[in-house]
Amino acid sequence: MAAVSTVSQDILNPQLQIEGSARLNGVLQVSGAKNSALVLMTAALLCPEPVELCNVPNLTDIAGMVEILQTLGVRVQRDGDRMVLDASTLTSHEPPYQLVNSLRASFFSIGSLLGRLGHAKVPLPGGCRIGARPVVEHIRGLKSLGAHVTVEHGVVSASVPGTKKRLKGASIVLDCPSVGATETILMAAVLAEGTTTIENAAQEPEVQDLANMLVAMGADISGAGGPLITIHGVDQLHSVSSAYPVIPDRIEAGTFLIAAAITRSSLRVEPVVADHLSSVLQKLRDCGCKLDIDDLGITITPGDIQAVDITTQPFPGFPTDLQAPFMALMTTAKGTSVISEKIYENRLQHVAELQRMGASIRVEGSTAIVEGVVQLSAAPVTGSDLRASAAMVIAGLAAHGTTSVSGLKHLDRGYDRIESKLTAVGARLERNLA
Ligand code: EPZ
């Protein structure tokens with residue numbers, strides 16, 4: 001009986017079958033940034049008029065965010081990569097527990113709800129496999145702006161005392177340059193009375209994209225993208241004059257450049273804003289890849305791949321979201337690579353899956369020591385989180401044999417049509433549906 005139940009379990013779990021030793025060529029198209037689009041959608045809550053976005057990626061996380069915003073009374077229309085969000089009449093300030101739990105970015109809506117309505121009740125976002133992911137900085141910032149915040153039964157309740165229900169600008173210094181905390185405080189501060197400064201702010205391009213859209217909506221913000229952001233509160237925001245374009249996804253672009261490197265394929269990736277990936281581009285050069293960079297995109301020509309060391313840091317350092325994909329590349333590099341994960345406490349789970357494919361990796365604390373091998377061998381593997389899943393796809397493209405990758409629900413959260421994009425440049429992979 002056990003055999004039958006095992007078989008039925010496998011069939012229920014869709015997999016990507018990837019034929020290895022692929023040679024890719026052509027142009028890989030990059031979609032809009034997941035981690036920008038999600039927060040831009042929560043920023044629409046601040047505006048009493050419809051806001052239009054374009055270059056919105058087609059991801060399950062985006063669909064999840066649409067569902068959450070609709071429970072708050074936002075009317076959402078999608079047409080391809082365009083999305084119109086009409087938050088003119090909000091009907092609730094409490095996104096539902098189950099939905100927020102599965103989509104961390106929706107917690108950031110506590111900032112825009114508080115700024116617009118003067119109160120918000122948002123469930124704590126679940127920690128996930130890669131770490132505890134606290135929201136201490138987010139709450140500390142809202143309290144500095146004058147909100148009364150309590151946390152009970154897993155729900156964060158925030159309200160602005162007084163009749164005007166308007167937050168007051170404050171000087172805030174973050175303990176750590178948290179991306180979500182910076183974005184949450186930024187959204188709460190744009191309608192506050194007076195001036196807010198955020199020191200030790202996250203400098204990620206997605207923070208800058210949020211600030212740029214808020215400015216297009218009439219906010220008064222300077223310094224975003226640097227460590228000190230200054231916000232002068234305004235009375236109301238207005239719609240953007242034309243559809244606001246989401247920046248290209250730098251993590252998807254980096255994933256594709258690494259796929260080219262591990263398969264020793266010359267490939268073009270576009271669109272890419274090179275400044276959003278400078279630390280990654282440097283490491284690709286250091287390990288033996290030639291990069292031709294123009295305003296639209298990047299053409300990569302891999303050489304003999306040498307081992308290099310990486311340490312993940314807040315932007316502009318090497319992004320933690322590309323640590324797993326880059327480790328996959330280092331498994332077949334010449335020499336020994338030391339990979340240190342400094343952002344999350346538990347983001348080395350892909351090591352065990354890469355070892356299953358013949359990678360030679362030793363883990364000491366939050367550091368992995370990777371001895372390059374000549375070639376990986378195909379195996380059934382599972383992606384434990386979004387970026388680990390991408391790493392397994394990358395490893396499968398280069399391995400000898402056919403690799404089956406499970407855990408596609410993670411992959412579909414952050415990569416828009418990855419198999420059709422890779423197939424279009426010569427990869428041999430297909431999804432076996434449930
Ligand atoms: C954003 O998460 C991204 N997600 C993450 O991408 C990304 O890995 C992360 O930034 C870092 O770049 C979205 O934008 C939706 P953080 P966020 O708050 O905002 C610690 C992906 O794969 N911290 O900057 O949650 C925290 O524990 C995802 O696309 C505190 O200690 O990240 C973590 O170790 C994964 N206290 C580090 O900072 C706090 O109060 C980074 O967290 C808040 C955070």
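Values below: all heavy atoms of this structure, side chains included; hydrogens, waters and symmetry mates excluded. One-based numbering, in listed order, for ligands and for the atoms of each.
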Task: Protein heavy atom at shortest distance from atom 1 (C) of ligand 1 - done: Val179 CB, 4.0 Å
Open item on the list: Tell me whether ligand 1 is touched by Cys176 - counting only heavy atoms on the residue side and a distance under 4.0 Å.
Closed with: yes
Open item on the list: So if I apply the side-chain contact (heavy atoms from CB on, under 4.5 Å) rule between Pro95 and each of Val122, Leu69, Thr42, which one comes out positive?
Closed with: Val122
Task: Which residue and heavy atom of the protein sit nearest atom 18 (O) of ligand 1, plus the separation - done: Ser178 OG, 2.7 Å
TODO: Please could you name the atoms of ligand 1 that Lys34 approaches to less than 4.0 Å, counting only its heavy atoms?
DONE: 21 (C), 29 (O)
Open item on the list: Heavy atoms only: which of Ile251, Ile343, Asp321 lies closest to atom 6 (O) of ligand 1?
Closed with: Asp321
Open item on the list: Checking side-chain polar atoms at under 3.5 Å, does Asn212 have a donor or acceptor matched by the opposite partner on Gln208?
Closed with: no
- [ ] Check each atom of ligand 1 against the heavy atoms of Thr320 and keep those under 4.0 Å away; list them by number with element.
- [x] 8 (O)
- [ ] Give a yes or no on whether a salt bridge exists between Glu364 and Arg362, defined as a side-chain N under 4.0 angstrom from a carboxylate O.
- [x] yes
Open item on the list: For atom 40 (O) of ligand 1, what is the closest protein heavy atom, and at what distance to 0.1 Å?
Closed with: Glu137 N, 2.8 Å
Task: Element-labelled atoms of ligand 1 that are located less than 4.0 Å from some non-hydrogen atom of Val136 - done: 40 (O)
Open item on the list: Contact between ligand 1 and Arg104 is defined here as a heavy atom of the residue under 4.0 Å from a ligand atom; is it met?
Closed with: yes
- [ ] Please state which part of Phe107 comes within less than 4.0 Å of ligand 1, counting heavy atoms only: side chain, backbone, both or neither.
- [x] neither
Open item on the list: I'd like the name of whichever of Gly180, Ala388, Gly317, Ala132 reaches closest to atom 19 (O) of ligand 1 through any heavy atom.
Closed with: Gly180
Open item on the list: Does any part of the side chain of Leu411, heavy atoms only, come nearer than 4.5 Å to the side chain of Ile418, both counted from C-beta?
Closed with: yes
TODO: Among all protein heavy atoms, pick out the one at the shortest distance from atom 9 (C) of ligand 1; state its residue, atom name and that distance to 0.1 Å.
DONE: Tyr344 OH, 3.2 Å
Task: ligand 1 contact by Phe315, heavy-atom criterion under 4.0 angstrom - done: no
Task: Proximity to ligand 1 by part of Arg387, non-hydrogen separation under 4.0 Å - done: side chain
TODO: Indicate yes or no for a side-chain donor-acceptor contact from Tyr244 to the backbone of Ala216 under 3.5 Å, with no hydrogens or angles considered.
DONE: no
Task: CD/Glu199: more than 12 non-hydrogen atoms of other groups inside 6.0 Å - done: yes
Open item on the list: Salt bridge check, Asp321 against Arg250: does any charged N sit closer than 4.0 Å to a carboxylate O?
Closed with: no
Open item on the list: Between Asp86 and Arg75 (side chain of the first, backbone of the second, donor and acceptor by atom type, cut-off under 3.5 Å), is there such a pair?
Closed with: no
Task: Subset of ligand 1 atoms that lie under 4.0 Å from at least one heavy atom of Phe108 - done: 19 (O)
- [ ] Under 4.0 Å from a heavy atom of Val135: give me the atoms of ligand 1 that qualify, with their elements.
- [x] 40 (O)
Task: atom 27 (O) of ligand 1 - nearest protein heavy atom and its distance - done: Pro134 CD, 3.2 Å
Open item on the list: For the OG1 atom of Thr60 and the CZ atom of Arg413, what is their distance to the nearest 0.5 Å?
Closed with: 6.5 Å
- [ ] If you have a sec, work out which protein heavy atom is nearest atom 2 (O) of ligand 1 and how many Å separate them, to one decimal?
- [x] Arg133 NH2, 3.2 Å
Open item on the list: Show me which atoms of ligand 1 lie under 4.0 Å from any heavy atom of Arg347.
Closed with: 8 (O), 22 (O), 35 (C)
Open item on the list: Using a 3.5 Å distance criterion without hydrogens, assess whether the side chain of Glu353 forms a donor-acceptor pair with backbone atoms of Gly383.
Closed with: no
Task: Beyond-backbone contact of Val155 with Leu124, side-chain heavy atoms, under 4.5 angstrom - done: no
TODO: May I ask you to say whether Arg347 pairs ionically with Glu341, meaning some side-chain N is under 4.0 Å from a carboxylate O?
DONE: no
Open item on the list: Among all the protein's non-hydrogen atoms, which is closest to atom 3 (C) of ligand 1, and how far away is it?
Closed with: Asn35 ND2, 3.6 Å
